[in-house]
Amino acid sequence: MAYSYIHWWSLAGVDALVGESPAGWLDARPVNKALNDNAPPNSQAAPAPEATPVALPEILQKKSAPTEKATNEPVVFPSTWPEFQQWLASDDHVPGTHWDGNRVLPVGQVGAKLMVIAAWPEPECQQTGALYCGDMGLLLDRMLRAIGLTRDDCYLATMAITRPAGGRCSARDLPELERLMRHHIQLARPQHILLLGPDITRIMTQHSLTAARGKTLEVCINDGNIATVAVPHPAILLNRPAQKAAAWDSLKLFSDRI
């Protein structure tokens with residue numbers, strides 16, 4: 001019976017208790033006031049104890065991102081091989097090191113038969129600290145064996161020793177990175193160059209990777225030109241095996257040269 005009455009009033013549009021005195025339905029009554037109405041006169045609530053801050057675990061603490069160092073002058077690159085290698089490993093003014101703190105350094109000796117260059121390290125390389133690691137490294141080793149070389153015959157490097165976010169470099173950073181790469185090549189004095197990927201191919205030769213297929217290019221250094229071939233990066237070839245034919249069209253140009 002009670003439910004029938006309530007249902008009837010609900011159909012009539014009465015769905016809340018009402019009184020004779022007007023009241024603001026949207027005015028929320030403070031919770032503390034409601035509690036204090038029943039409190040004894042002149043009584044005061046005890047202050048809540050102050051919370052003791054708890055330090056987050058180190059893995060959860062926010063770390064400041066590397067900041068780019070403002071400079072009005074071009075960076076002066078070391079002119080000798082030992083100084084240059086030490087500078088790459090430790091100096092704060094190496095172009096591109098404002099992107100990330102994980103440096104992946106080149107490997108090899110001066111005057112190698114082949115200098116292998118990508119634009120920047122892959123994420124897996126930053127995790128291990130070694131260039132061309134894992135499955136991409138195994139594929140690179142097979143590519144080198146196809147032209148009669150091993151890693152010991154090569155100098156492995158990247159234009160930047162850290163990786164930009166998303167693998168994308170701003171146009172503002174490119175001039176200094178290209179200047180660094182050309183200085184790096186001049187000191188390394190390789191006999192030939194193998195470029196891996198579209199970014200480094202465009203920067204060093206002004207050609208697209210597609211246009212470079214099956215062609216011997218040249219990288220111009222102060223004291224001459226170096227025969228160069230460009231192929232897709234091994235990391236790309238792993239995901240797109242159909243591009244291996246294009247890579248071989250270019251790579252086989254070294255078969256008679258090396």
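Any value given below was found using the heavy atoms of this structure, including those in side chains, with hydrogens, waters and symmetry copies removed.
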TODO: Report yes or no: does Ser250 contribute a side-chain atom to a donor-acceptor pair with the main-chain N or O of Gly214 at less than 3.5 Å?
DONE: yes
TODO: Indicate yes or no: at least one non-hydrogen side-chain atom of Leu177 is less than 4.5 angstrom from one of Cys169.
DONE: yes
Task: Cluster link Val110 to Met115, ILVMFWY, side chain under 4.5 Å - done: yes
- [ ] Any chance you could lay out the side-chain contact (heavy atoms from CB on, under 4.5 Å) test for Asp173 and His98, step after step, and finish with the verdict?
- [x] CA-CA 10 Å; Asp173 293 325; His98 60 282; 3.6 Å; yes
Open item on the list: When you measure from the side chain of Arg103 to the backbone of Leu88, do you find a donor-acceptor pair of N or O atoms at a distance under 3.5 Å?
Closed with: yes
TODO: Starting at CE of Met136, measure out to CG of Asn239 and round the result to the nearest 0.5 Å.
DONE: 9.5 Å
Open item on the list: Within the structure provided, determine whether Leu237 and Met143 are in side-chain contact (heavy-atom separation under 4.5 Å).
Closed with: yes
Open item on the list: Main chain of Ala160, side chain of Thr162: is a donor-acceptor contact present, judged purely on distance under 3.5 Å?
Closed with: no
Open item on the list: Looking at every non-hydrogen atom in both residues, tell me the closest pair between Ala212 and Leu217 and how far apart they are.
Closed with: CB-CD1, 3.6 Å
Open item on the list: In the structure I gave you, are the side-chain heavy atoms of Lys215 and His207 within less than 4.5 Å of one another anywhere?
Closed with: no
Open item on the list: Please give me the minimum heavy-atom distance between Thr201 and Ala230, naming the atom from each residue.
Closed with: OG1-CB, 3.4 Å
Open item on the list: How long is the straight-line distance from CG of Leu195 back to OG1 of Thr228, given to the nearest 0.5 Å?
Closed with: 5.5 Å
TODO: Taking the side chain as every heavy atom from C-beta outward, state whether Ile117 and Ile185 have any pair of such atoms under 4.5 Å apart.
DONE: yes
Task: Nearest heavy atoms of Ile221 and Gln186, plus distance in Å - done: CG2-CB, 3.7 Å
TODO: Quick one: closest heavy-atom pair of Pro234 and Leu139, and the distance?
DONE: O-CD2, 3.6 Å
Task: From CA spacing to verdict: side-chain contact (heavy atoms from CB on, under 4.5 Å), Leu114, Ile147 - done: CA-CA 11 Å; Leu114 184 66; Ile147 56 175; 4.3 Å; yes
Check: residues 126-134 side-chain donor-acceptor pairs under 3.5 Å, at least two apart:
unit_1	atom_1	unit_2	atom_2	d
Gln126	NE2	Asn102	O	3.2
Thr128	OG1	Glu124	O	3.2
Thr128	OG1	Cys125	O	3.4
Thr128	OG1	Ala130	N	3.3
Tyr132	OH	Ala118	N	3.2
Tyr132	OH	Ala157	O	2.9

Open item on the list: If I compare all heavy atoms of Leu180 with all of Met159, which pair ends up nearest, and what's the gap?
Closed with: CD2-O, 3.8 Å
- [ ] Not counting sequence neighbours, list each pair that qualifies as a ring pair (Phe, Tyr, Trp, His ring centres under 6.0 Å) and has a residue in residues 146-203.
- [x] Phe77-His183, Trp81-Tyr155, Phe84-His183, Phe84-His184, Tyr155-His184, His192-Phe254
Task: Gap separating the CD atom of Gln243 from the OG1 atom of Thr210, nearest 0.5 angstrom - done: 8.0 Å
Open item on the list: Between Thr158 and Leu196, is there a side-chain heavy-atom distance shorter than 4.5 Å?
Closed with: no
Open item on the list: Please determine whether residues Leu253 and Trp248 belong to a single hydrophobic cluster, defined as Ile, Leu, Val, Met, Phe, Trp and Tyr linked transitively by side-chain heavy-atom distances below 4.5 Å.
Closed with: yes
Task: Full working for salt bridge (Lys or Arg N to Asp or Glu O under 4.0 Å) between Arg213 and Asp249 - done: CA-CA 7 Å; Arg213 177 177 177 176; Asp249 284 345; 2.7 Å; yes
Task: Minimal non-hydrogen separation, Gly197 against Leu209, with atom names - done: C-CD2, 4.2 Å
Open item on the list: Between Arg163 (side chain only) and Trp120 (backbone N and O only), is there a donor and an acceptor less than 3.5 Å apart?
Closed with: no
Open item on the list: Using side-chain heavy atoms (C-beta onward) and a distance below 4.5 Å, is Ile161 in contact with Leu105?
Closed with: yes
Open item on the list: Would a single hydrophobic cluster contain both Ile236 and Leu156, if residues Ile, Leu, Val, Met, Phe, Trp and Tyr are joined by side-chain heavy-atom contacts under 4.5 Å?
Closed with: no
- [ ] To the nearest 0.5 Å, tell me how far Leu144 CG sits from Leu149 CG.
- [x] 6.0 Å
TODO: Please collect all salt bridge (charged side-chain N to carboxylate O under 4.0 Å, His left out) contacts where either partner lies in residues 176-193, sequence neighbours excluded, each pair once.
DONE: Glu176-Arg179, Glu178-Arg182
Task: Rounded distance (nearest 0.5 Å) linking atom CZ of Arg145 with atom CG of Asp153 - done: 12.5 Å
- [ ] Drop me the distance from Gln85's CD to Ser90's OG, to the nearest 0.5 angstrom.
- [x] 11.0 Å
Open item on the list: Surrounding CD of Gln109 (heavy atoms of other residues, nucleotides or ligands, distance under 6.0 Å), is the total greater than 12?
Closed with: no
